[in-house]
Amino acid sequence: MHLTPLHVQGGRPLSGQITVQGSKNAALPVIVATLLTREKVTLHGVPRLSDVRTILDLMAHLGTQHTWVGENSLELHTPEILNTDAPYALVSKMRASFIVMGAILARAGRATVSMPGGCAWGPRPVDQHVKALRALGVDVHEDNGNFDAHRTGSLNGQFIFELLTVGGTHNAILAATLGDGVVTLENASIDTDVVELIEFLNHLGADIQGAGTHTLTIRGVAALRGGEYRVIPDRIEAGTFMLLAAATRSRFTVDNVRTDHLRAVIGKLQEIGADVTEDGLSVTVDARDRDLKPVNITTQSYPGFPTDLQPQMSALLATIPGTSVVQDPVYPDRLTHVAELHRMGATITVSGYTQIIQGGALRSAPVKAADLRAGAALFIAGLTCEGDTVIDGVQYLNRGYERLAERLQGLGANVTQNEPELVPAAD
Ligand code: EPU
């Protein structure tokens, strides 16, 4: 869906406070994990985003009934799995939906999931998902653009991931949770969104040990119960707003933040020269009247500096005089923000996955977001300069930032959109 552009007029400091929503990337696998129980589950802190709507559409096809029972509270119920396939039309909208494979397989014994395909910044393979399932005893065949998975018994055995993958770890956990086997995953992701999935499943009666370490042991259980659960705050949204404070040389408070999830980001902001004050679930960033310094950054899997904040950090560094070097080996093609920042006067040279940024003042321009985090980089850049920055591609921003214009207005930002932002209907 094409939405009218976002108009951003910056060049003045922001102030006040902004509250972070529940985590998109934690909520999506937790929503998928409700496929594992025939009982009702109520989730709180679910952000109203188009990606959430996409996964709910896919789950409706699989047999899940959902009801929004509060602004960010969602009741999910899957009494029976009605279909075991996840068709291309639904999977291609969002790569994260590939993890339904593990969940459908756990509950129904077989699953046919379309290959997710590429995205705006590279191929993003799923080889580790498939290798893990095969190593644990699942038959997986590729056929006509689909992965067809079939299990004859409980999943058992060990798999060592060849690299740290959040989605691959999710998929293997989901597949192994039900049954009477014992599965060990080595070199598993320790990402907050993996810990969150494990805590949620254990809350419903799963037996998964080792959350937050690279070795997970999953003992299959016969069934999961229903329950109620609150999703963790979105560390990427929090980080985006913290970087915005530094880029606009402002002081404001970001509420509902797990600062323990943001160590790498806080460290870099301090290295740049911003003041970061933590107070329970709040963090205040102060970058007023400071001589901010350029820094070098390389993205890594959690707890390293997140790739999901790389474009936003690049936008901030594009405003800081001097040379910064940003490398994103996690997603080497995640560079769609660069050409747009050039339009705004940024000096960024790209070589492979390395950006060499010569910082200085940016200027407003018409720009286009080609993906979610590039869109975030552009509203950060737009808020640093006077004049009207017109950001097209708002549908991408709506994948990850709820009621963005309204919430930024709460910080005194001049951000407007002519039509209401896309919010999933309260159905
Ligand atoms: N990889 C493989 N093979 C696989 C799986 C991953 O080579 O089978 C590689 C990827 O190409 C990448 C690295 O492993 O280089 C890490 O990928 P990972 O599997 O961890 O990513 P993901 O689970 O597909 C999630 C987030 C992304 C975020 C990445 C990395 C969700 C819905 N998505 O993706 O979030 O960039 O982890 O942290 O949780 C976003 O929110 O903007 C976003 C894209």
Side-chain angles (χ1 to χ4, degrees), residues 3-24 47-51 71-72 233-257 262 265 269 274 282-288 308-309 311-316 318-319 337 340-341 344 362-369 371-423:
L3 300 170
T4 60
L6 202 62
H7 289 260
V8 174
Q9 293 187 9
R12 59 177 193 211
L14 308 175
S15 61
Q17 56 196 62
I18 188 164
T19 302
V20 170
Q21 298 298 113
S23 163
K24 165 180 87 78
R48 295 270 193 140
L49 299 169
S50 59
D51 273 10
E71 186 50 33
N72 294 103
D234 196 316
R235 69 186 164 95
I236 302 303
E237 189 179 82
T240 301
F241 295 147
M242 291 161 71
L243 297 175
L244 171 67
T248 54
R249 311 301 193 265
S250 305
R251 176 187 185 277
F252 63 80
T253 299
V254 187
D255 289 327
N256 194 31
V257 179
L262 280 157
V265 179
L269 276 169
S282 291
V283 63
T284 300
V285 178
D286 190 352
R288 294 171 303 176
D308 290 348
L309 287 174
Q312 301 91 311
M313 180 54 110
S314 300
L316 160 60
T319 70
H337 55 284
E340 304 307 304
L341 289 177
M344 298 182 71
L362 300 178
R363 55 174 185 266
S364 61
V367 288
K368 187 169 184 168
D371 62 75
L372 166 58
R373 307 303 173 187
L378 295 175
F379 78 71
I380 289 176
L383 283 168
T384 70
C385 44
E386 287 171 12
D388 194 14
T389 294
V390 184
I391 306 177
D392 207 353
V394 172
Q395 67 276 18
Y396 293 108
L397 277 166
N398 285 343
R399 290 186 67 163
Y401 299 94
E402 183 178 338
R403 296 179 291 107
L404 181 65
E406 179 191 321
R407 291 163 69 216
L408 291 174
Q409 284 160 13
L411 292 171
N414 188 345
V415 179
T416 49
Q417 197 190 355
N418 290 341
E419 64 186 341
E421 291 173 68
L422 176 67
V423 177

Distance-only, no hydrogens or angles: does the [X] side chain make a donor-acceptor pair with backbone N or O of [Y] under 3.5 Å?
| X | Y | value |
| --- | --- | --- |
| Arg249 | Ala247 | yes |
| Asp286 | Arg288 | yes |
| Arg363 | Gly387 | no |
| Arg407 | Thr19 | yes |
| Gln312 | Leu243 | no |

Who pairs with Arg373 by salt bridge (Lys or Arg N to Asp or Glu O under 4.0 Å), at least two apart in sequence or on another chain?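 None.
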
Nearest 0.5 angstrom please: [X] [atom1] to [Y] [atom2], how far?
| X | Y | atom1 | atom2 | value |
| --- | --- | --- | --- | --- |
| Thr416 | Leu408 | OG1 | CG | 11.0 Å |
| Asn414 | Asp388 | CG | CG | 8.0 Å |
| Leu397 | Asp371 | CG | CG | 9.5 Å |
| Thr389 | Leu378 | OG1 | CG | 8.5 Å |
| Leu244 | Leu316 | CG | CG | 9.5 Å |
| Arg251 | Thr284 | CZ | OG1 | 5.0 Å |

Angle class for the Phe379/Tyr401 ring planes (parallel below 30°, perpendicular above 60°, tilted otherwise)?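 Ring orientation, 0 to 90° scale: perpendicular.
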
Search all heavy atoms of [X] against all heavy atoms of [Y] and return the closest pair with its distance.
| X | Y | answer |
| --- | --- | --- |
| Asp234 | Lys24 | OD2-N, 3.0 Å |
| Cys385 | Ser364 | SG-N, 3.6 Å |
| Gly382 | Val8 | C-CG1, 3.5 Å |
| Glu237 | Glu402 | OE2-N, 4.2 Å |
| Arg12 | Ala413 | NH2-C, 4.3 Å |
| Phe252 | Phe241 | CZ-O, 3.3 Å |

List the residues meeting side-chain hydrogen bond (donor to acceptor under 3.5 Å, both in side chains) with Glu340, not counting sequence neighbours, and say none if there are none.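 Result, side-chain hydrogen bond (donor to acceptor under 3.5 Å, both in side chains) vs Glu340: none returned.
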
Check side-chain hydrogen bond (donor to acceptor under 3.5 Å, both in side chains) between Gln17 and all other residues, then give those that pass, not counting sequence neighbours.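 side-chain hydrogen bond (donor to acceptor under 3.5 Å, both in side chains) check on Gln17 returns Asp255.
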
Mark yes when over 12 heavy atoms from residues, nucleotides or ligands other than Gln409 sit less than 6.0 Å from its CD; otherwise mark no.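 Counting other residues, nucleotides and ligands, CD of Gln409 exceeds 12 neighbours.
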
Salt bridge between Asp51 and Arg399, side-chain N to carboxylate O under 4.0 Å? yes

Chi angles and distances behind the side chain to side chain contact (heavy atoms under 4.5 Å, CB included) call for Arg403, Arg48: CA-CA 9 Å; Arg403 296 179 291 107; Arg48 295 270 193 140; over 6 Å; no

Evaluate the side-chain proximity of Val415 to Leu6: yes if any heavy-atom separation is below 4.5 Å, no if none is. yes

In this structure, which one of Leu383, Thr319, Ile380 forms a side chain to side chain contact (heavy atoms under 4.5 Å, CB included) with Thr248?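 That would be Leu383.
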
